[in-house]
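Every value quoted in this text rests on a predicted model; they were computed, and no experiment measured them. Whatever order the structure lists them in is the order used to number ligands and atoms, beginning at 1.
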Amino acid sequence: MQHFPIFVALAGRRVVLSGGGAAALAKLRILLKTEAHVTVFAEHPAPEIEAWDTVGKLRLVRRAAEVGDALCAVLAYGANEDAAEDARFAMLARADGALVNIVDNLENSQFITPAIVDRDPVTVAIGTEGAAPVLARKIKADLEAALPVRLGVLARIGKSFRKAADILPMGRKRRDFWADYYFGTGPHALEDGGEEGARAELSKLLDRHTTTAPEAGRVQFVGAGPGDPELLTLKARRALDTADVIIHDRLIAPEILELARREADLISAGKEGFGPSMPQDQINALIVEHVRAGAHVVRLKSGDPTVYGRLDEEIEAVEAAGQSWSVVPGITAASAAVASAGQSLTRRGRNSEMRFLTGHDMDGFAEHDWQALARPGTVAAIYMAKRGARFLQGRLMMHGAASDTPVTLVENASRKDERVISATLGTLSDDIKAAALTGPALLLYGIAPREAAATLPQFSPKDIAL
Ligand code: SAH
């Protein structure tokens, strides 16, 4: 991040601008929305600038800027549309101690003005550090369409009520009150009864919120999917937006944790499948402790929480504590892996059933119905198979599986560093060793990557060792 976004209080502060043409007008239109004391230096000002001067919206000085003109100014804009004049102005304004912006000249500017969506007092600022103005405009247009025009009115009324609402204890209760106003009763009250209606609704709402008992805590067991944040469900997104506490596994991608509500308490449970981890009892105790305290706990698990997630043990602990819970399903690693291989988990004429297996469990390498698995056409998604690959290979071949049975290894499925590796049962353990896997990997037994998948944009062809 090369530019740090802040909102500067401009009421009563001095802002100077040099220039009188179209660029100056564009900047002045936004600046005049603030309560800054704006002074414009222009030898040939546009008529609009003269008119603003006449009605006292700004002060116009009909000459080029000189040394000392930007003294005590917080911001100075060079909008002359003339490189030499802007450079001269920048130098003198900087010497006067102002922060300088030159219109359309990122390099010589000390700050930049973002694209703005204005629902005063709600202001959304969009910046791309000059990299993509088209993108900024598109985001602005999308936000303009998405944010109701009257959002500002609602926020202004809300702002005037903030002191009154301070009688609610900070944190959950206060947040619930405001969420109720902005997303529940407020918009309707404003529509039906205008500003008076919205104001009256706030008082009624406050009464209701001060007399109701604090909401009980709850636990959501949420699937975070295989890693790509776009593969989160809408429900998972909402859970991340509203959680008080998020207890997550080690496998959860940082991009997903970034989406969590800023005030949420993020706790790593350090689990990775059956790998080294915080003991399960301790995780159970942690969940229970927070839900008992009235928190909305999100227990965030990679993929789908019901697949190799030790979900039942956690549910039982929550239930034993008399607390409520629900499960938000997610996209499991097998679904993401097979999508990247460009194949189906089931396929007419090949396999009408498929199995989920784990390479190892708490007792070590997992035993399975090897005979059934060794039958031609069998398909299985094998989780946590890295360490047990040689064992799997030996058992399957001993029970008659063909050594040329296709196997696809997908490491970091759906993530930026995804790799799809084509192998056969006979070469599996050597291929795994050669691949030097570092991320989580899923083994698709009985499935070869579709060759055409090499042309898919998710990963580069060089990552496929066919
Ligand atoms: N609940 C998870 C599985 C947890 S067990 C789910 O539904 O996906 C952990 C194992 O899942 C890892 O050892 C690996 O085999 C697999 N896994 C999880 N995320 C993965 C990913 N992005 N790519 C490949 N395998 C993954």
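- Geometrically, ligand 1 and Pro226 share a nitrogen or oxygen pair separated by less than 3.5 Å.
- We find that Arg119 and Glu144 are joined by a salt bridge, their nearest charged nitrogen and carboxylate oxygen being less than 4.0 Å apart.
- Residue contacts with ligand 1 do not include Lys301, since none of its heavy atoms lies under 4.0 Å from the ligand.
- Taking any N or O of Gly309, backbone or side chain, none lies under 3.5 Å from an N or O belonging to ligand 1.
- At a 3.5 angstrom cut-off on N or O pairs, Ala413 counts as close to ligand 1.
- Only the side chain of Leu251 comes within 4.0 Å of ligand 1, counting heavy atoms alone; its backbone N, CA, C and O stay farther away.
- Between Glu314 and Lys301, at least one side-chain nitrogen of the basic residue sits less than 4.0 Å from a carboxylate oxygen of the acidic one, meeting the salt-bridge criterion.
- Residue contacts with ligand 1 include Ala441, since one of its heavy atoms falls under 4.0 Å from the ligand.
- Ionic pairing of Asp166 and Arg174 is present here: one or more N-O contacts between side-chain nitrogen and carboxylate oxygen are shorter than 4.0 angstrom.
- Of all heavy-atom pairs spanning Leu232 and Leu240, the tightest one is CD1-CD1, 4.2 Å.
- Under the 6.0 Å cut-off for aromatic ring centres, Tyr77 and Phe111 qualify, their centroids lying closer than that.
- Of the charged side-chain nitrogens involved, none lies within less than 4.0 Å of a carboxylate oxygen, so that Asp241 and Arg262 do not count as a salt-bridged pair.
- Using a 4.0 Å cut-off between charged side-chain N and carboxylate O, Glu263 and Arg175 make no salt bridge.
- Proximity to Val410 (heavy-atom distance under 4.0 Å) selects the following atoms of ligand 1: 24 (C).
- No hydrogens or angles considered: nothing links the side chains of His209 and Asp176 as a donor-acceptor pair under 3.5 Å.
- Looking at Tyr383 next to ligand 1, no N or O pair under 3.5 Å apart turns up.
- Checked by atom type, the side-chain pair Trp325/Gln220 shows no donor-acceptor distance below 3.5 Å.
- Distances from atom 18 (C) of ligand 1 to the heavy atoms of Ala333, Gly303, Ala253 put Ala333 nearest.
- Taking distance alone, with nitrogen or oxygen atoms compared against 3.5 Å, Thr332 approaches ligand 1 more closely than that limit.
- Within the listing of ligand 1, atoms 22 (N) sit less than 4.0 angstrom from a heavy atom of Arg415.
- Looking at Met384 next to ligand 1, an N or O pair under 3.5 Å apart turns up.
- The distance criterion of under 3.5 Å between nitrogen or oxygen atoms is met by Ser302 with respect to ligand 1.
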